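Here's the structure we're looking at; comments come further down.
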Amino acid sequence: MSEQYEESKLYRLRHSAAHVMAQAVLEKFPEGKVAIGPPIEDGFYYDFDLPRPLTPEDLEEIEARMREIIKHDSAFVKEEVSAEEARHIFADQPYKLELIDGLEEGGVDEHGNPVDEKPVISIYKSDAFVDLCRGPHLESTGKIHPKAIKLMNVAGAYWRGDEHNPMLQRIYGTAWLSPDDLKQYLWRLEEAKKRDHRKLGRELDLFSISDDVGSGLVLWHPNGAKVRYLAERFWEDEHLRNGYDFVYTPHIGKSDLWEISGHLGFYAENMYAPIEIEDQQYYLKPMNCPFHIEIYKSGIRSYRDLPMRLAEKGTVYRYERSGVMHGLMRVRGFTQDDAHHFCAPSQMPDEIDFVLSFSLNMLRSFGFNDIKAYLSTRPEKAVGAPEQWRDAEAALEAALKRADLPYHVDEGGGAFYGPKIDLKVKDAIGREWQLSTIQFDFNLPERFDMTYIEEDGQAYRPYMIHRALLGSIERFFGVLIEHYGGAFPVWLAPIQAVIIPIADRHMDYAKKAAAELKAAGLRVEVDDRSDRMNAKIRDAEKKKIPYMLVVGDREMEQGQVDIRRRSGERLGAMNVSDFKDLAVKEVEEKVEG
RNA sequence: GCCGAUGUAGCUCAAUGGUAGAGCAAUCGCCUUGUAAGUGAUAGGUUAUGGGUUCGAUUCCCAUCAUCGGCUCCA
């Protein structure tokens, strides 16, 4: 959350709305306990410990009560108190007492995060409610527009976000400066819902997840598989043109492999239980790296072989706790567009430069032009020599600068085995998604004792860089669906054009035109059902087919097709070959829309 | 995994302590259509699964599974 937001009126408004809500809840449940209630993006929440689960009816009641409290137009009054006084005021509020302890000791804020200095304890009073609170707030409850607030839903949340703590009931609300803003926000939610990849996945017949197969295991239907195939084909071409070699590796590997890699030590809770065969334990792979390393190690490597870039769309399986699965975004089996770069230390900066610009090109090709980078550096506990870390971090940062990319540094946010760059893209409605990751690994080359022979005839340890550009292909597909709202650009659309004959007598002509377009590599179908043209257009619109080519008497006579885009735009009649050229050009240029 | 909600036809949803209904989709006709739904008929369900209460359960209760909204965790 930005500092700008924290100083805004909107922030104070939402914070104030949270207090008003807490008052309304406590009036309804006098024995209820309050936890914390901060503003968040688009709204606020407040956590409560209540005698019974809240219902949607309760929310309506609470919301109505909030409007009444707002009407009182009672001032928010700040008061600084001693810890002793605070304890007295909140004597029957155990969560507040815990917060006061934290405040008094200094050290932690209301979220349990460490803070440097000991803050002053303050309380805010408004109407019949007092809260331990740092503020700031609006001048009075009346400054909240009663028609610009709405309680959204109830959800469970652990006290202080720790799953060992009791679970509280969290009420999410939204609050805006004006009813219009609220309306606009609700409209935005509706729009996001229309783009939901789970809904579009069903409507466009792209994929499904079957109970009988298992939760988090994706079935790609022909339409979805078509998009994936096209995306992968592009991906493959780009990799081949850029010095990657493709490899294929198995889905399972012996426990010995995972012992060496260390995964059984630090990743076991994410791995499926082993399969036992001939007294050997085999594990489904959660990552591809050990296999690629084994390929590297299958022979003696010379500095002349480096950099080596091994790429694979490797399908991995990771155990995810039930309750975290989410459509394509969070699954148990997925395919990473994985690659491992092995290089000599002297080649490392160039290799980083290359992989970053390659990643950016890939993302941009899929229509993601708003890209932000996050550089994560050495954490407290880390393997690898400090100067390796320093060199690697310097190379990553230099590459970011050269790529002229906005980036944010997460000090100490790297994995224990190396620093990394994550790339996040903004989709068409402004949501950020993490896709690419470029990650150093100082751990595995050591564990697998990887070497290469230098000019001087000595063996040295290579650098290893792990990268995934689209990340998980399943997840990437989900993001792509939401980004385009199901209306894939022509180059990715499962069906690019549908020919719509007006009457049966136009059928032969329609098929002839289709054949000509298909011969040019276009994905074209003829809608030969005995429905009216209007119905066929409606159907094609629902399937989000980029082009509808209507043919009737006029077109048949002229050797033309009448072109309508899915946007409703009419391009008018044109010769079949002209449309072919237009469509082929759009495919080649990856034109959007 | 945790909290809460939900699970009825392919989809979206009704209804009921006495074995379920609509619209869309599907199938088969009729219509031969000019830029987002022409029309008729037919078919489609062991009401998620397994127990329990009851003369009788899809409805009430319990468990399991799954989904949804969150939390935690994360590609």
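Order of the sequence lines fixes the chain letters, A, B, ..., with proteins taken first and strands second; residue numbering starts at 1 for each chain. The shown structure was predicted, so the numbers you read here are calculated from the model rather than taken from an experiment.
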Watson-Crick or G-U wobble mate for [N], both contacts under 3.5 Å:
| N | value |
| --- | --- |
| B/G4 | B/C68 |
| B/A63 | B/U49 |
| B/A14 | none |
| B/A25 | none |
| B/A43 | none |
| B/A36 | none |

Whole-Å distance separating the [atom1] atom of [X] from the [atom2] atom of [N]:
| X | N | atom1 | atom2 | answer |
| --- | --- | --- | --- | --- |
| A/Met507 | B/U32 | CE | C1' | 10 Å |
| A/Tyr46 | B/C71 | OH | P | 18 Å |
| A/Leu151 | B/G4 | CG | P | 20 Å |
| A/Asp553 | B/G34 | CG | P | 11 Å |
| A/Arg538 | B/U33 | CZ | C1' | 17 Å |
| A/Ile545 | B/A36 | CD1 | P | 15 Å |
| A/Met556 | B/U32 | CE | C1' | 13 Å |
| A/Lys193 | B/U12 | NZ | P | 12 Å |

For nucleotides [N] and [M], find the distance between their [atom1] atoms and express it as a whole number of Å.
| N | M | atom1 | result |
| --- | --- | --- | --- |
| B/G4 | B/C74 | P | 25 Å |
| B/U58 | B/U19 | C1' | 9 Å |
| B/U46 | B/U59 | C1' | 16 Å |
| B/A22 | B/A15 | C1' | 11 Å |
| B/U33 | B/U39 | C1' | 13 Å |
| B/A20 | B/A37 | C1' | 28 Å |
| B/U16 | B/A25 | P | 28 Å |
| B/A9 | B/G52 | P | 25 Å |

Is there a donor in the side chain of [X] and an acceptor in the side chain of [Y], or the other way round, less than 3.5 Å apart?
| X | Y | answer |
| --- | --- | --- |
| A/Tyr158 | A/Arg170 | no |
| A/Asp422 | A/Thr437 | yes |
| A/Glu482 | A/His197 | yes |
| A/Arg318 | A/Tyr267 | yes |
| A/Tyr283 | A/His251 | no |

Quiz item: When the ring centroid of A/Phe442 is compared with that of A/Phe440, is the distance short of 6.0 Å?
Solution: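 Judged by ring-centre distance (under 6.0 Å), A/Phe442 and A/Phe440 do meet the cut-off.
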Practice problem: Between A/Arg566 and A/Val154, just flag the one whose closest nucleotide in RNA chain B comes earlier from the 5' side. | Solution: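 Residue closer to the 5' terminus by nearest nucleotide: A/Arg566.
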Quiz item: Between A/Tyr158 and A/Val550, which is nearer to the 5' end of RNA chain B once each is assigned its nearest nucleotide?
Solution: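 Nearest-nucleotide comparison on RNA chain B picks A/Tyr158.
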Under 3.5 Å, which donor-acceptor pairs link side chains of residues 542-550 of chain A to any protein atom two or more places apart or in another chain?
| from | atom 1 | to | atom 2 | distance (Å) |
| --- | --- | --- | --- | --- |
| A/Tyr547 | OH | A/Arg565 | NH1 | 2.5 |
| A/Tyr547 | OH | A/Glu586 | OE1 | 3.1 |
| A/Tyr547 | OH | A/Glu586 | OE2 | 2.9 |

Quiz item: Could you walk me through whether A/Leu423 and A/Ile421 pass the side-chain contact (heavy atoms from CB on, under 4.5 Å) check?
Solution: CA-CA 7 Å; A/Leu423 298 179; A/Ile421 292 174; 3.9 Å; yes
Quick one: does [X] reach the base of [N] with a side-chain donor-acceptor pair under 3.5 Å?
| X | N | answer |
| --- | --- | --- |
| A/Glu555 | B/G34 | yes |
| A/Arg321 | B/C74 | no |
| A/Glu320 | B/A75 | yes |

Any idea which of [options] is nearest the [X] side chain?
| X | options | value |
| --- | --- | --- |
| A/Arg198 | B/C74, B/U72, B/C68 | B/C68 |
| A/Ala155 | B/G69, B/U33, B/A75 | B/G69 |
| A/Asp504 | B/G4, B/U32, B/A75 | B/U32 |

Quiz prompt | A/His506 side chain vs A/Asp553 backbone, donor-acceptor pair below 3.5 Å | solution =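 Such a contact is found between A/His506 side chain and A/Asp553 backbone.
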Quiz item: Any cation-pi pair here, A/Arg475 with A/Trp433, using under 6.0 Å and within 45°?
Solution: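 Judged by the rule, A/Arg475 and A/Trp433 form no cation-pi pair.
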When you measure from the side-chain N and O atoms of [X] to the phosphate of [N], is any distance below 4.0 Å, counting only OP1 and OP2?
| X | N | value |
| --- | --- | --- |
| A/Arg160 | B/U72 | no |
| A/Arg564 | B/A36 | yes |
| A/Tyr172 | B/C71 | yes |

Quiz item: Quick one, which residues of residues 202-232 of chain A touch RNA chain B with a heavy atom under 4.0 Å?
Solution: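 Residues of residues 202-232 of chain A under 4.0 Å from RNA chain B: A/Arg202, A/Asp211, A/Ser215.
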Exercise. Could you identify which residues of residues 522-536 of chain A place a heavy atom less than 4.0 Å from some atom of RNA chain B, listed by residue number, or say none?
Key: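 By residue number: A/Ser530, A/Asp531, A/Arg532, A/Met533, A/Asn534, A/Ala535.
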Taking any heavy-atom pair under 4.0 Å as a contact, classify [X]: base, sugar-phosphate, or nothing.
| X | value |
| --- | --- |
| A/Asp162 | nothing |
| A/Arg554 | base |
| A/Gly161 | sugar-phosphate |
| A/Arg170 | sugar-phosphate |
| A/Val316 | nothing |
| A/His326 | sugar-phosphate |
| A/Gln336 | nothing |

Quiz item: Is there a side-chain contact between A/Gln336 and A/Val316, using heavy atoms and a 4.5 Å cut-off?
Solution: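 Yes - at least one pair of side-chain heavy atoms lies under 4.5 Å apart.
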Practice problem: Search all heavy atoms of A/Ile499 against all heavy atoms of A/Ala514 and return the closest pair with its distance. | Solution: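 Where A/Ile499 meets A/Ala514 most closely, the heavy atoms are CD1-N, 3.5 Å.
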Practice problem: Report the C-alpha separation of A/Lys313 and A/Asp338 in whole Å, then their side-chain angles, then the decisive distance to 0.1 Å, and conclude whether the salt bridge (Lys or Arg N to Asp or Glu O under 4.0 Å) test is met. | Solution: CA-CA 6 Å; A/Lys313 295 182 294 285; A/Asp338 212 353; over 6 Å; no
Self-check item: Is_stacked (A/Phe334, B/A75) at 5.5 Å, 30 deg
Solution: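 So yes, this residue stacks on that base, both cut-offs being met.
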Exercise. Calculate, to the nearest 0.5 Å, the distance between atoms CE and OH belonging to A/Met21 and A/Tyr172 respectively.
Key: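 Here the rounded value is 10.5 Å.
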